[in-house]
Amino acid sequence: MSDGPSDRDDDSYLVAHRRDKLARLRSAGNAYPNGFRRDTLAEHLHGRFDAVDATSLAAETRVYRLAGRLMAKRVMGKAGFAQLQDASGCMQLFVQQNAVGEAAYEAFKNFDVGDLVGAVGTVMKTKTGELSLKLQRLELLAKSLRPLPEKWAGLTDTETRYRQRYLDLIVNRQARETFLIRAAVVRFLRQFLDSLGFVEVETPMLQPLPGGAAARPFVTHHNALDRDLYLRIAPELYLKRLVVGGFERVYELNRNFRNEGLSSRHNPEFTMLEFYQAYADYREAMELVETMLRDCALAVCGCTAVRYQGANYELGRPFRRLTLAQAVAEANPDLDPARFGDRNHLAEAARARGVLVGREMGAGKLLTEIFEKTVEAKLIEPTFITEYPTEVSPLARCNDANPEVTDRFEFFVAGRELANGFSELNDPDDQALRFRRQAEAKAAGDEEAMVFDADYLRALEYGLPPTAGVGLGIDRLVMFLTDSPSIRDVLLFPAMRPER
RNA sequence: GGGCCGUUAGCUCAGUCGGUAGAGCAUCGGACUUUUAAUCCGCUGGUCGCAGGUUCGAAUCCUGCACGGCCCA
């Protein structure tokens, strides 16, 4: 950690007390032993014995070994209770002086909440019926020098939760569950695509040309080659090269980097799933996304009904579909849909809605701006928006009936874009034309415009099969499935400004 | 980038009109062999985010900055 607090700058009296204890441990032997082995987990014991009555438990003579963090300590003279937390859950420990011995009991009294301990004993039930481990032995495995947040109020300060995620994970069950669900989502998506014959690949994160999306890249430098490289903003162009190469179903699930601001929906590095399927179009891709999201919710949450920030969502029904133009017309009744190709009309409407209209913006770009301004946040129910203007879709295939729009969709839920997909543009001459238009936009000042990628064109010239592709934002999907209001809640270590 | 809100003990939070810095939990000492927010008794613990300014006097008012949150771009 480069931006952490300076060395030992905040030793309080609380830390000092614990350091004294550590010093005594050191003089008595190895203060950080690594010899203790557990043979079970808290949840295993609960699963096995919670339903067993106290008298039957009293006959259980098997000795179990647990290890974990001490989360509570209640000492009453010559006996005490403690709470041990391991990766699976919690188990109460019952410590009696005459069972563990006087020396071990004294040591126990000196343990602090937060210490890592090993506990050996038999199962029992207390008089209130709580399953506990009646200890024969208790040993310290690692001393905790800093006090944990208070047991009742816990840790709520968002800044500390993000900067010291380990603390958040120790004390906030919700945080732990969020990241377990995240892992389950990723696991599900891989299984889902694998089962359909998709091949997972890894393509460059350091790219000579940043391509595949409209975004500003991070720039870095390769010393040996003495050239700048770009952290990828998307893997798209590489994945389509692989489709050219015969990987007809291919996906990558990994990090992208975009040099943009931080917000509750944006982190400079974020995780994207991109998958490509040859001999399919965007409509089939939509079907696949529908199935994928429904099955994902089912696998991860157990049902297709999702509660997010106080509202209910149903992923079990087919998602609403409408074109971008329809959506704009619906949300802007004062606009004339018949004039959606009229740049002047749209420029005026865009300006009236606070859009900074640039000279290089055509009708398609302006319509999209108006869409983003007036529609996106209102797309609450799961919705596919289709027919994005060709002008804003330089990698998507034109619609056969109307070349002004592309065979493209974006998926929205809870007012947020979760996925983007289209029938891939596989006509190399059309792609060359689109790249040139992007280069013109870049020259005119659009910093997010794409760069001309000659090698990608060369690949297209060998022949890209008709293909559909989709990008799915994993962080936003996990936000949705874990009822998390901020992207920072689903990133273990979100980007933060340096501390102090 | 702009607006609003926040930053006080390890944690969660009070702090009135500008007049010696408070609580709960945790810590520390003592009692206690079925507690579970254990209980009881006693004691600790502070660079009030940072830097200036106003004032006899600033946690409090003003300015700037840092970090965080929400909203907007």
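Labels below follow one simple rule: chain letters A, B, ... track the order of the sequence lines, proteins then strands, and each chain is numbered from 1. Keep in mind that what you see is a predicted model, and the values were worked out from it rather than measured. Just so you know, these numbers use all the heavy atoms, side chains as well, and skip hydrogens, waters and symmetry mates.
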*Asks:* So does A/Gln97 reach the base of B/rU33 with its side chain, donor to acceptor, closer than 3.5 Å?
*Replies:*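 It does not, because no donor-acceptor pair links the side chain of A/Gln97 to the base of B/rU33 below 3.5 Å.
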
*Asks:* Have a look at A/Glu130 and say if it touches a base, only the backbone sugar-phosphate, or nothing, with a 4.0 Å heavy-atom cut-off.
*Replies:*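 Counting heavy atoms under 4.0 Å across all strands, the contact made by A/Glu130 includes a base.
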
*Asks:* Just name whichever nucleotide pairs with B/rC61, Watson-Crick or G-U, keeping both distances under 3.5 Å, else none.
*Replies:*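 B/rC61 is paired with B/rG53.
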
*Asks:* Give me the distance, rounded to whole Å, that separates B/rA58 from B/rA73 when you measure between the C1' atoms they each carry.
*Replies:*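 37 Å, rounded to whole Å.
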
*Asks:* Looking at the base of B/rU35, is there any donor atom on it, or on the side chain of A/Gln92, that sits under 3.5 Å from an acceptor on the other one?
*Replies:*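 Present.
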
*Asks:* Considering every strand and a 4.0 Å limit on heavy-atom distances, what is the contact class for A/Met124: base, sugar-phosphate, or nothing?
*Replies:*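 Base contact.
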
*Asks:* Measure from the side-chain N and O atoms of A/Asp446 to the backbone N and O of A/Lys442, and report whether any donor-acceptor pair falls under 3.5 Å.
*Replies:*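 No.
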
*Asks:* Report which part of the nucleic acid A/Arg161 touches: base, sugar-phosphate, or nothing (heavy-atom distance under 4.0 Å, all strands).
*Replies:*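 The residue A/Arg161 makes no contact with any strand.
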
*Asks:* Look only at the side chain of A/Arg182 and the backbone of A/Val490, and say whether a donor-acceptor pair between them is shorter than 3.5 Å.
*Replies:*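 At least one qualifying donor-acceptor pair exists.
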
*Asks:* For the P atoms, the ones on B/rG45 and on B/rG10, what distance do you get once it is rounded to whole angstrom?
*Replies:*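 Pairwise P distance, B/rG45 against B/rG10, rounds to 12 Å.
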
*Asks:* Please verify the inter-ring angle class for A/Phe435 with A/Phe452; under 30° counts as parallel, over 60° as perpendicular, anything in between as tilted.
*Replies:*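 A/Phe435 vs A/Phe452 ring planes: tilted.
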
*Asks:* Please list, chain by chain and in numerical order, all residues satisfying side chain to side chain contact (heavy atoms under 4.5 Å, CB included) with A/Ala439, sequence neighbours excluded.
*Replies:*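 None.
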
*Asks:* Is A/Arg163 close enough to B/rG68 that one of its side-chain N or O atoms is under 4.0 Å from OP1 or OP2 there?
*Replies:*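 Answer yes for this pair, as a side-chain N or O of A/Arg163 is under 4.0 Å from OP1 or OP2.
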
*Asks:* Given that both distances must come in under 3.5 Å, which nucleotide forms a Watson-Crick or G-U wobble pair with B/rU47?
*Replies:*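 Looking at the geometry, B/rU47 pairs with no nucleotide.
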
*Asks:* Between B/rG22 and B/rA9, how far apart are the P atoms? Round to whole Å, please.
*Replies:*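 It works out to 14 Å between them.
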
*Asks:* What nitrogen or oxygen pairs link the protein and nucleotides 71-73 of chain B at under 3.5 Å?
*Replies:*
unit_1 : atom_1 : unit_2   : atom_2 : d
B/rA73 : OP1    : A/Lys373 : NZ     : 3.3

*Asks:* Distance between the P atoms of B/rC25 and B/rC43, in whole angstroms?
*Replies:*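 My reading of the P atoms in B/rC25 and B/rC43 gives 15 Å.
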
*Asks:* Where the side chain of A/Arg488 meets the backbone of A/Pro494, is there a donor-acceptor pair that is under 3.5 Å apart?
*Replies:*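 Looks like no, no N/O pair under 3.5 Å.
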
*Asks:* To the side chain of A/Asp112, which of B/rU35, B/rU27, B/rG68 is closest?
*Replies:*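 My answer, after comparing the listed nucleotides, is B/rU27.
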
*Asks:* Between B/rG68, B/rU33, B/rA37, spot the one nearest the side chain of A/Lys151, thanks.
*Replies:*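 Nucleotide nearest to A/Lys151's side chain: B/rA37.
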
*Asks:* Are A/Arg408 and A/Tyr388 in a cation-pi setup, meaning NZ or CZ lies under 6.0 angstrom from the ring centre and within 45 degrees of the ring axis?
*Replies:*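 Pair A/Arg408/A/Tyr388 counts as cation-pi.
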
*Asks:* Walk along nucleotides 8-15 of chain B from 5' to 3' and tag each nucleotide B, S or - by protein heavy-atom contact under 4.0 Å, base first, then sugar-phosphate.
*Replies:* --BBSS--

*Asks:* When you compare B/rG2 with B/rU63, how far apart are their P atoms, in angstrom units rounded to a whole number?
*Replies:*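 Nearest-Å result for B/rG2 against B/rU63 at atom P: 16 Å.
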
*Asks:* Could you please name the partner base of B/rC28, counting Watson-Crick and G-U wobble pairs only when both distances are under 3.5 Å?
*Replies:*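 When the pairing criteria are applied, B/rG42 turns out to be the nucleotide that pairs with B/rC28.
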
*Asks:* Within residues 51-64 of chain A, find the residues that approach RNA chain B with a heavy atom at under 4.0 Å, and present them sorted by residue number.
*Replies:*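 When residues 51-64 of chain A is checked for heavy atoms under 4.0 Å from RNA chain B, there are no hits whatsoever.
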
*Asks:* Using the ring pair (Phe, Tyr, Trp, His ring centres under 6.0 Å) criterion, which residues pair with A/Tyr64? Sequence neighbours excluded.
*Replies:*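 Partners of A/Tyr64 under the ring pair (Phe, Tyr, Trp, His ring centres under 6.0 Å) test: A/Phe49.
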
*Asks:* Take the protein atom CZ of A/Arg497 and the nucleotide atom C1' of B/rG68, then report the distance between them rounded to whole Å.
*Replies:*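 Computing the A/Arg497:CZ to B/rG68:C1' distance gives 10 Å.
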
*Asks:* Paired with B/rU16: which nucleotide, if any, by Watson-Crick or G-U wobble criteria at under 3.5 Å for both distances?
*Replies:*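 WC or wobble partner does not exist here.
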
*Asks:* Does A/Gln326 reach the main-chain N or O of A/Thr323 with its side chain, forming a donor-acceptor pair under 3.5 Å?
*Replies:*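 Such a contact is found between A/Gln326 side chain and A/Thr323 backbone.
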
*Asks:* Nearest-Å distance, CG (A/Asn98) to P (B/rU33)?
*Replies:*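 These atoms are roughly 11 Å apart.
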
*Asks:* Counting side-chain heavy atoms from CB outward, which of B/rU34, B/rU27, B/rC70 is closest to A/Ser486?
*Replies:*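 Nearest to the side chain of A/Ser486 among the choices is B/rC70.
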
*Asks:* In terms of ring plane angle, is the pair A/Phe108 and A/Phe111 parallel, tilted or perpendicular, where the classes change at 30° and 60°?
*Replies:*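 Plane angle over 60°, so perpendicular.
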
*Asks:* Around A/Glu150, counting heavy atoms of other residues, nucleotides and ligands shown, do more than 12 lie under 6.0 Å from its CD?
*Replies:*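 It does: A/Glu150 CD has more than 12 such atoms within range.
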
*Asks:* Counting the atoms with a prime plus P, OP1 and OP2 as sugar-phosphate, which does A/Val75 contact under 4.0 Å by heavy atoms, base, sugar-phosphate, or nothing?
*Replies:*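 A/Val75: base contact, heavy atoms under 4.0 Å.
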
*Asks:* In chain order, what residues pass the side chain to side chain contact (heavy atoms under 4.5 Å, CB included) check against A/Ala214, with sequence neighbours excluded?
*Replies:*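 A/Ala214 satisfies side chain to side chain contact (heavy atoms under 4.5 Å, CB included) with A/Glu448 once adjacent residues are dropped.
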
*Asks:* Would you kindly check if the NZ (Lys) or CZ (Arg) of A/Arg65 is within the cone defined by 45 degrees around the ring axis of A/Phe36 and under 6.0 Å from the six-membered ring centre?
*Replies:*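 Because its charged atom sits under 6.0 Å from the ring centre and within 45° of the axis, A/Arg65 does stack over A/Phe36.
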
*Asks:* So A/Tyr162, base contact, sugar-phosphate only, or nothing? Heavy-atom distance under 4.0 Å.
*Replies:*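 Here A/Tyr162 touches the backbone only, sparing every base.
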
*Asks:* If you check every side-chain atom of A/Lys127, which of B/rU27, B/rC67, B/rU35 has the closest atom?
*Replies:*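 Among B/rU27, B/rC67, B/rU35, the one nearest the side chain of A/Lys127 is B/rU35.
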
*Asks:* Check whether the ring centres of A/Phe371 and A/Phe412 lie less than 6.0 Å apart, and answer yes or no.
*Replies:*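 Yes, the ring of A/Phe371 comes within the 6.0 Å limit of the ring of A/Phe412, centre to centre.
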
*Asks:* Check whether any side-chain nitrogen or oxygen of A/Arg74 sits under 4.0 Å from OP1 or OP2 of B/rA37, and answer yes or no.
*Replies:*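 So the side-chain polar atoms of A/Arg74 never come under 4.0 Å of the phosphate oxygens OP1 or OP2 of B/rA37.
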
*Asks:* B/rU35 C1' sits how many Å from A/Met91 CE, rounded?
*Replies:*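 Spelled out: CE on A/Met91 to C1' on B/rU35 is 16 Å.
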
*Asks:* Nearest nucleotide by nearest heavy atom, which residue falls closer to the 5' end of RNA chain B, A/Val113 or A/Ala72?
*Replies:*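 It is A/Val113 whose nearest nucleotide is closer to the 5' end.
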
*Asks:* Tell me, do A/Phe340 and A/Leu335 make a side-chain contact under 4.5 Å, heavy atoms counted?
*Replies:*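 The answer is yes, as the side chains (C-beta and beyond) meet within the 4.5 Å cut-off.
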
*Asks:* Between B/rU55 and B/rC28, how far apart are the two P atoms, rounded to whole Å?
*Replies:*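 Comparing P positions in B/rU55 and B/rC28 gives a spacing of 48 Å.
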
*Asks:* Using a 4.0 Å heavy-atom cut-off, does A/Lys21 contact any base of the nucleic acid, only the sugar-phosphate backbone, or nothing at all?
*Replies:*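 Here A/Lys21 touches the backbone only, sparing every base.
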
